[in-house]
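Just so you know, these numbers come straight off a predicted model, no measurement behind them. Atoms within a ligand are numbered from 1 in the order they appear, just like the ligands themselves.
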Amino acid sequence: MALHGKVALVTGAVQGLGKGFSEILLQKGAKVALLDINESGGKDLKAAFDKEYGPDRTLFLTCTVESEEQLKDAFQKTVETFGGLDIVCNNAGIIDETNWEKCVSINLNGVVRGTYLALKHMKKENRGQGGVIINVASMAGLGPLLTAPIYTATKHGVVGFSRAMADVSRLCDYGVRINVLCPAFVQTAILSSLGSEGTTGQFAGLRGVAEKLLEQFGVLEVSEVAKNFLKLVTDESRNGEALLVQKEGASYVTFPQVASQLPSILAPSL
Ligand SMILES: NC(=O)C1=CN([C@@H]2O[C@H](COP(=O)(O)OP(=O)(O)OC[C@H]3O[C@@H](n4cnc5c(N)ncnc54)[C@H](O)[C@@H]3O)[C@@H](O)[C@H]2O)C=CC1
Ligand SMILES: CC/C=C\C[C@H](O)/C=C/C=C\C=C\C=C\C(=O)[C@@H](O)C/C=C\CCC(=O)O
């Protein structure tokens, strides 16, 4: 998929990975709607992007992925402003093991909301043009991060939901690819949550285990993850894939056979 002139929407776009994903899309010629709860940060980022890429290339929209109404309005505004929608990245996420319902609401429910809205605008049966959805999980969507069991559960949920929806999309011919990105540790603000009591609550005492994992896996730069994000966006042969990104490289995850065969039981052509 060539990105010049394509329209993208990224949640949690103001800093960290979301900013990196937005910038690489801009570099490749796409227009990007930047969604985030951080209004002042969003205005500053848009001003910086305006200077670098021109004022018509981005749109900043204050929006929490916890609100169906705000997210729906943001999708609508994006389509009205840029004339379509081709790429959606459901990236917003937090670690909060104390207020864990909020963690589920943002990390899992927010991804479900964003995916359904993306499909509403992009799927062919609604006269959409097709496109691609990238949901951001984590390596903690494939194995446990002990200081953050709820975070781990939400990210496993994002992996399962994205794979199931990718098969739905293929079976129902939506024309939309859905893939999931699973980075190991990345140098962003969320890393300070590793053993902080505020975010890991009753599990903060296990910070030593998380620090060992960090030592073992190292810390990725945002740019390394963004390059792999771009691969998932542009490689039209990939649907329903989970891309694990680690320091030593990126690899597509192989899941247990029984799960991968279910769709072919339902539809032998898959
Ligand atoms: N940094 C890391 O080590 C890794 C991060 N991830 C995932 O990557 C995604 C991005 O995280 P980072 O960039 O690291 O974190 P970050 O904390 O630097 O950025 C998160 C962004 O999301 C925004 N945000 C938070 N709640 C929101 C909401 N309710 N609605 C809209 N926007 C909201 C924040 O304002 C911020 O701009 C998350 O889903 C995270 O779980 C995955 C693997 C590794
Ligand atoms: C504060 C946390 C910062 C960011 C969260 C982000 O989502 C990063 C998560 C990164 C790591 C996830 C860890 C997952 C661990 C596992 O899968 C463990 O079961 C693996 C343990 C040992 C692996 C041994 C090996 O395969 O080499």
Quick one: do V186 and M139 end up in the same hydrophobic cluster if we chain Ile, Leu, Val, Met, Phe, Trp and Tyr together by side-chain heavy atoms under 4.5 Å apart? no
Distance from atom 42 (C) of ligand 1 to nearest protein heavy atom, with residue and atom: A137 O, 3.1 Å
Just wondering, are more than 12 heavy atoms of other shown residues or ligands nearer than 6.0 Å to CD in E68? yes
CD1 of I95 to OG1 of T98: how many Å apart, nearest 0.5 Å? 11.5 Å
For atom 20 (C) of ligand 2, what's the nearest protein heavy-atom neighbour? Residue, atom name and distance, please. L213 CD2, 4.3 Å
Do you know the tightest heavy-atom contact between Y252 and L232? CE2-CD2, 3.8 Å
Please report the shortest heavy-atom distance between L206 and L146, naming the atom on each side. CD1-O, 3.8 Å
The atoms of ligand 1 lying under 4.0 Å from a heavy atom of G16, numbered in the order shown, are 13 (O), 18 (O)
Tell me, yes or no, whether the heavy-atom count around E101 atom CD, taken from other residues, nucleotides or ligands under 6.0 Å, exceeds 12. yes
Do T188 and ligand 1 have an N or O pair less than 3.5 Å apart? yes
For C182 and ligand 1, answer yes if some heavy atom of the residue is under 4.0 Å from a ligand atom, otherwise no. no
Closest to atom 13 (O) of ligand 1 by heavy-atom distance, out of L17, V158, T11, V219, is L17
Numbering the atoms of ligand 1 from 1, which are under 4.0 Å from a heavy atom of S138? 42 (C), 43 (C)
When only distance counts, is N91 in polar contact with ligand 1, meaning an N/O pair under 3.5 Å? yes
Other residues, nucleotides and ligands only: do more than 12 of their heavy atoms fall within 6.0 Å of NZ on K227? no
Out of curiosity, does I87 fall in the hydrophobic cluster containing I133 (side-chain heavy atoms, cut-off under 4.5 Å, transitive links)? no
Under the salt bridge (charged side-chain N to carboxylate O under 4.0 Å, His left out) test, which residues partner K231, sequence neighbours left out? none
Would you verify that at least one protein heavy atom lies under 4.0 Å from atom 7 (O) of ligand 2, or report that none does? yes
Shortest protein heavy-atom distance from atom 12 (C) of ligand 2, along with the residue and atom involved: A140 N, 3.6 Å
Can you tell which part of I95 has a heavy atom less than 4.0 Å from ligand 2: side chain, backbone, both or neither? side chain
L194: numbered ligand 2 atoms lying under 4.0 Å from its heavy atoms: 1 (C), 2 (C)
Please report which non-hydrogen protein atom sits nearest to atom 34 (C) of ligand 1, along with the residue it belongs to and the distance in Å to one decimal place. D36 OD1, 3.5 Å
Of the protein's non-hydrogen atoms, which lies at the shortest distance from atom 11 (C) of ligand 2, and what is that distance? F185 CZ, 3.6 Å
Check: E52 and R57 side chains under 4.5 Å, non-hydrogen atoms: no
When F229 is tested against each of L17, L25, L243 for side-chain contact (heavy atoms from CB on, under 4.5 Å), which residue passes? L25
For ligand 1, which atoms have a heavy atom of I37 less than 4.0 angstrom away? 24 (N), 25 (C), 26 (N), 27 (C), 28 (C), 30 (N), 31 (C), 32 (N), 33 (C), 35 (O)
Side chains of T200 and Y151: closer than 4.5 Å at any heavy-atom pair? no
Answer yes or no: does an N/O atom from Y151 fall short of 3.5 Å to an N/O atom of ligand 1? yes
Atom CD of residue position Q70 - does it have more than 12 heavy atoms of other residues, nucleotides or ligands inside 6.0 Å? yes
Please classify the K155 to ligand 1 contact at 4.0 Å (heavy-atom distances, strictly less than): side chain, backbone, both or neither. side chain
Can you check whether Y116 and F75 have ring centres sitting under 6.0 Å from each other? no
Distance filter under 4.0 Å to G93 heavy atoms, resulting ligand 1 atoms: 38 (C), 39 (O)
Assess A184 for proximity to ligand 1: is some non-hydrogen atom of it under 4.0 Å away? yes
Of all the atoms in ligand 1, which lie at a distance below 4.0 Å from a heavy atom belonging to C63? 30 (N), 31 (C)
Set out, in order, the CA-CA distance, both residues' side-chain angles and the distance that settles side chain to side chain donor-acceptor pair (under 3.5 Å) for S67 and T64, then state yes or no. CA-CA 6 Å; S67 160; T64 171; over 6 Å; no
At less than 4.0 angstrom from any non-hydrogen atom of A92, what atoms of ligand 1 do you find? 31 (C), 32 (N), 33 (C), 39 (O)
Could you see if L45 belongs to whatever hydrophobic cluster contains L9? Use Ile, Leu, Val, Met, Phe, Trp, Tyr and a side-chain cutoff under 4.5 Å. no
For F217, the ligand 2 atoms whose distance to one of its heavy atoms is below 4.0 Å: 23 (C)
For ligand 2, which atoms have a heavy atom of S138 less than 4.0 angstrom away? 6 (C), 7 (O), 8 (C), 9 (C)
Are V132 and L35 connected in a single hydrophobic cluster, I mean Ile/Leu/Val/Met/Phe/Trp/Tyr linked by side-chain heavy atoms less than 4.5 Å apart? no
Do the side chains of D50 and K46 get close enough for a salt bridge, i.e. N-O under 4.0 angstrom? yes
Quick check on L142 - does any of its heavy atoms sit under 4.0 Å from an atom of ligand 2? no
For F185, is at least one N or O under 3.5 Å away from an N or O on ligand 1? no
Looking only at protein heavy atoms, what sits closest to atom 29 (N) of ligand 1 is T64 OG1, 3.0 Å
Write out the residue and atom name of the closest protein heavy atom to atom 17 (O) of ligand 1, then the distance separating them to 0.1 Å. Q15 NE2, 3.4 Å
Atom 22 (O) of ligand 1 [closest protein heavy-atom partner, distance rounded to 0.1 Å]: G12 CA, 3.4 Å
Heavy atom of the protein closest to atom 4 (C) of ligand 1 (residue, atom name, distance): V186 CG2, 4.0 Å
Show, in sequence, the C-alpha distance, side-chain angles and deciding distance for K19 and E23, and conclude whether the salt bridge (Lys or Arg N to Asp or Glu O under 4.0 Å) test is met. CA-CA 6 Å; K19 180 179 169 191; E23 181 135 40; 5.7 Å; no
Looking at V136, which atoms of ligand 1 are within less than 4.0 Å of one of its heavy atoms? 7 (C), 8 (O), 9 (C)
Report the member of K155, Q246, Q216 with the shortest heavy-atom distance to atom 24 (C) of ligand 2. Q216
Check each atom of ligand 1 against the heavy atoms of A189 and keep those under 4.0 Å away; list them by number with element. 18 (O)
Looking only at protein heavy atoms, what sits closest to atom 43 (C) of ligand 1 is P183 O, 3.3 Å
Can you report which non-hydrogen protein atom sits closest to atom 30 (N) of ligand 1, along with the distance? V65 N, 3.0 Å
Salt bridge (Lys or Arg N to Asp or Glu O under 4.0 Å) assessment of E224 paired with K247: CA-CA 9 Å; E224 297 174 79; K247 277 304 262 187; 3.5 Å; yes
Hey, is ligand 1 close enough to A13 that some N/O pair sits below 3.5 Å? no
